[in-house]
Amino acid sequence: MRRPLFCLAVCAALFLSAQEKQPADQGANSTGAVHRLESNIRVRAARISFEPGSRTKWHVHERGQVLLCEEGVARTQVQGHPVQELHTGETAYVPGGVPHWHGAAAGQATTLFSVDVSAGQTKWQNAVTDAEYSAGAKR
């Protein structure tokens, strides 16, 4: 689940699936010909702070979500998989339609940067039990 290059590739695929090629930048802001592809897909980005031990309920993003741990220690879990710990600078990708939760480690707050396709909806489910939250984390 934590694969920074994989997450970047997924973001690129999401954002560039409906793309518009911009004219080559011929030196104004670069050296050589630089081409930029821009997407018309709208994304929702949020910076979410969690106090130690706090977490979301289980939920599903219709079109997936990328999480970046900005600071602290985060915990996240995709249903049916072990709990994952994310440390500063680490990322996780959750595919669309997959139940998951995320929050802070028991003894440390965290701030997550979240990006998902805003056209999709978030469907909230049950609370994460203490047993689910406390399960041994994989790093």
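- Using bins of under 30°, 30° to 60° and over 60° for the plane-to-plane angle, the ring pair H102/H59 lands in the perpendicular bin.
- Side chains of V78 and W101 form no contact here, defined as non-hydrogen atoms less than 4.5 Å apart.
- Side-chain contact check for W58 versus Q79: some heavy-atom pair is nearer than 4.5 Å.
- Take F50 and apply the ring pair (Phe, Tyr, Trp, His ring centres under 6.0 Å) test, not counting sequence neighbours, and it matches no residue.
- Within the 4.5 Å cutoff, no side-chain heavy atoms of C69 are placed close to those of T91.
- Contacts classified as salt bridge (Lys or Arg N to Asp or Glu O under 4.0 Å) and involving residues 49-59 (residues at least two apart or in different chains) are given here: R55-D130.
- Residue pairs satisfying the salt bridge (Lys or Arg N to Asp or Glu O under 4.0 Å) criterion with at least one member in residues 93-110, sequence neighbours excluded, are absent.
- By the side chain to side chain donor-acceptor pair (under 3.5 Å) test, E70 is found to be paired with R47, residues two or more places apart in sequence or in another chain being considered.
- Under the side chain to side chain donor-acceptor pair (under 3.5 Å) criterion, T122 pairs with R44, H61, sequence neighbours left out.
- Of the inter-residue distances, the one linking H100 atom NE2 with Q77 atom CD reads 11.0 Å to the nearest 0.5 angstrom.
- By the side chain to side chain donor-acceptor pair (under 3.5 Å) test, E71 pairs with T111, sequence neighbours left out.
- Residues meeting the side chain to side chain contact (heavy atoms under 4.5 Å, CB included) test with P52, sequence neighbours left out: A109.
- In this structure, the side chain to side chain contact (heavy atoms under 4.5 Å, CB included) partners of A131, at least two apart in sequence or on a different chain, are T129.
- Between T76 and L67, the closest side-chain pair of non-hydrogen atoms falls below 4.5 Å.
- E85 places none of its side-chain heavy atoms less than 4.5 Å from the side chain of E90.
- Of all heavy-atom pairs between I48 and S114, the closest is CD1-CB, 3.9 Å.
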